[in-house]
Amino acid sequence: MENKPAIINVARKIVFGVTLLLIAWQLWVTFSKRVTDFSDPVKYIHQYKDQDFITKYGERFSEIKSFFSHPARIGYCSEPGQDKPSYYLHYTLTQYYLAPNIIDTRTDLDTILYNLYESGQLDESTNFHLKNGWHILKKFNNGFIILTK
Amino acid sequence: MIFILSLFISLAIGFACTILIFRKSSEIPPRLLLNISIPLSIGISSALFVLLNLSGIETRLLVGVELIALIFLIKKTRESFKLISFESILPGTLLKQNFVYLVLFILYVYSWLMDAGIFYFDSIREPHGQWDAWSYWNMKSRFLFGAPSEWPSIISQMDSVSFHIDYPLMQSAFIAKCWILLQKESTWIPIASAFAFTFCTFGLLSSSVATFTNKIKGLKAGLILLATPFFVFLGDSQYADVTVGFFMLATLVFITFADKQNEGKKSFLLAAGITASMAAWSKNEGILFVVCLLASRIIVGIKQPKELLQQLKYLLAGMLPVLILLAYYKFMIAPPNDLMQAAQDESIPAKLTDPERYKLIINWFIERAGTFGEWIVNPWWIFLIAALVFGVNNRNKISYILILFLLMLAGYFYSYVVSYIDLTFHLSTSLHRLYFQLFPSFLFCYFLSLKEMKGS
């Protein structure tokens, strides 16, 4: 019976030590995965700064952003046949960069923005809007085309 | 220039408010002061900005209002500055500590620097944050920045399902305020804000556990969070889960102060009310936290109704200003929440009685607990073994936190049961983040309940 507290104390020290070792091991594993980043941070910054998809995507908006002087509601059209996840990604990015304008998924508004990220071209001979009363207001040379009624 | 001035004033307000809270204590631990005051200043600044903006006051004038508030606060707290115990952070004090403390301290500093490096590298690589950050939080900042006087009418017309416009404004409003004063959109503002919340969570956890127990336990608690790989990723993703988690932790810290000290009890309860409302101002889960907090305090304190009513009075008084602002935003400006709207539709009874949904959710809850935090070894086993070996007690009066956690988990569970989103998708994209909102608070509660090791 007298040994019980001593055993508990040893057990506590073991648990304390094992926890510390586990933390140290975890820190080592985390550091090992990023060791190349830490070894040459200047190279890392040169390699990755402003190279992410969202920043690159945003470069297309510099001209079109200044086109809207007051917040407006604009209809949105994408590449024909674009799959759902791609459509949603491009649409959300367009809303992100063109805020405080509202980019509406409806395609029957007076002003429509075409975001033709891949093709960059609008097929004017078959386009629904051009055949139904809309005309091209401005063509930006990066896949953005604004149509209005 | 005006931006730097405003930032300085905001930080000073947070600092002075924290000193005001602790003014009746015998001393103020400087690390605790620092780690509470920075996020608190961001929260106050965000709420003030929205309040004045909705009142039609220009953002530049906000700096003047903040300056007046600061002068008032300095007058109130002038005498309390001497309570800050700088002695505890002097290098001489550090060298007097025992070997175990020094080993832990070195590990703590190493992991803090490593995490700061990882945070910086990730922020260089993804300056806009991950999906939720740019498409919800930072996007809303762009509306506030681009149309400072028209944003309420604009965002009320937006699609809530795609952009979750009803999400509280804390993060978005603070970023927008800084952008307006800077007169440009800079990705460094959300990065800096996320850094403050992430690293102040480490600091607050460590310093509060050290205050209530001992320095070794404080360092261990902080180290576990610092060593959890997913936590720093969640922080540099600029998600609001870290923000809401910080304010949940701060609330529990203030309530523990209130429960342990008679001096300044009212100030601590008021402060707990403010930080709880800041949690609600950060994310919808914070609203659930406010409800569960009040419920857990009522359950634990029901046998002493007089004392309970006193507590609730101060908690609610602290909560009300920001909750009123939040309610105004939710009911008068933002479109209704998609999950709440869907929770009222006709399919709910069928969902509530579908055993397959319960089975799937329980499986995910277990699976996510198993892969928690991307540790090499599941940390729950260590927590369990340590609790068995060391033993636990309630000397810090934290039993209500267990009830709070159970209620929070039940709330999360219910939101999945009635969710209109594809259940597997919903669980896979959010459950791990919900766990992380509670994780700093869990560590706080765990280390406070763990019995002391002889000689520690």
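Side chains are part of it too, since the values below use all heavy atoms of this structure and drop only hydrogens, waters and symmetry mates. Chain letters run A, B, ... following the sequence lines, proteins first and then strands; every chain starts at 1. Please read these numbers as outputs of a predicted model, since none were measured by experiment.
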May I ask you to name which of [options] has the most heavy-atom pairs under 4.5 Å with chain A?
options	answer
B/G117, B/A386, B/P127, B/S135	B/P127
B/L107, B/I154, B/V103	B/I154
B/V389, B/I124, B/I376	B/I376
B/M158, B/E374, B/E126	B/M158
B/E150, B/R142, B/M139	B/R142

Over 12 foreign heavy atoms within 6.0 Å of [atom1], [X]:
X	atom1	value
A/N141	CG	no
A/K33	NZ	no
A/Q51	CD	yes
A/H135	NE2	yes

Please state whether the side chain, the backbone, both or neither of [X] comes within less than 4.5 Å of a heavy atom of chain A.
X	value
B/I382	side chain
B/V100	side chain
B/Y120	side chain
B/W151	neither
B/D115	neither
B/E185	side chain
B/L144	neither

Could you pull out the closest heavy-atom pair between A/I23 and B/A227, with the gap in Å?
CG2-CB, 4.0 Å
Compare every heavy atom of B/F143 with every heavy atom of A/A99, then report the nearest pair and how far apart it is.
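The answer is CB-CE1, 3.7 Å.
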What about the rings of A/F53 and B/W134, do their centers lie closer together than 6.0 Å?
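No, they do not, as the ring centres are separated by 6.0 Å or more.
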Are A/Y91 and B/F163 an aromatic pair by the rule of ring centers under 6.0 Å?
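Ring-ring flag for A/Y91/B/F163: true, centres closer than 6.0 Å.
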OH-OG distance between A/Y48 and B/S123, expressed to the nearest 0.5 angstrom
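Going from the OH atom of A/Y48 to the OG atom of B/S123 covers 14.5 Å.
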Atom CZ in B/F390, atom CD1 in A/I8: separation rounded to 0.5 Å?
11.0 Å
Does the pair B/I118 and A/F38 meet the rule for a side-chain contact (heavy atoms from CB on, under 4.5 Å), with working shown?
CA-CA 9 Å; B/I118 289 172; A/F38 279 99; 4.0 Å; yes
Tell me, do A/F31 and B/S111 make a side-chain contact under 4.5 Å, heavy atoms counted?
no
Among A/L27, A/V15, A/T30, who wins on heavy-atom pairs under 4.5 Å with chain B?
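Most pairs with chain B among the choices: A/L27.
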Given the options A/L89, A/V29, A/I103, A/D52, which has more heavy-atom pairs under 4.5 Å with chain B than any of the others?
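Option with the greatest count: A/D52.
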Which bit of [X] comes within less than 4.5 Å of chain B, counting heavy atoms only: side chain, backbone, both or neither?
X	result
A/I14	neither
A/Q26	both
A/Q47	neither
A/N101	backbone

Quick check against the 3.5 Å criterion: does A/R73 have a side-chain atom that pairs as donor or acceptor with the backbone of B/Q157?
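Yes: the side chain of A/R73 pairs with the backbone of B/Q157.
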Could you give me the CA-CA distance, side-chain angles and deciding distance for A/W28 and B/M114, then say whether side-chain contact (heavy atoms from CB on, under 4.5 Å) is met?
CA-CA 10 Å; A/W28 175 249; B/M114 186 188 76; over 6 Å; no
Full working for side-chain contact (heavy atoms from CB on, under 4.5 Å) between B/L104 and A/L20
CA-CA 8 Å; B/L104 283 170; A/L20 266 190; 3.1 Å; yes
For a side-chain contact (heavy atoms from CB on, under 4.5 Å) check, start with the C-alpha distance between B/I385 and A/V18, then their side-chain angles and the critical distance, and finish with the verdict.
CA-CA 11 Å; B/I385 292 167; A/V18 168; over 6 Å; no
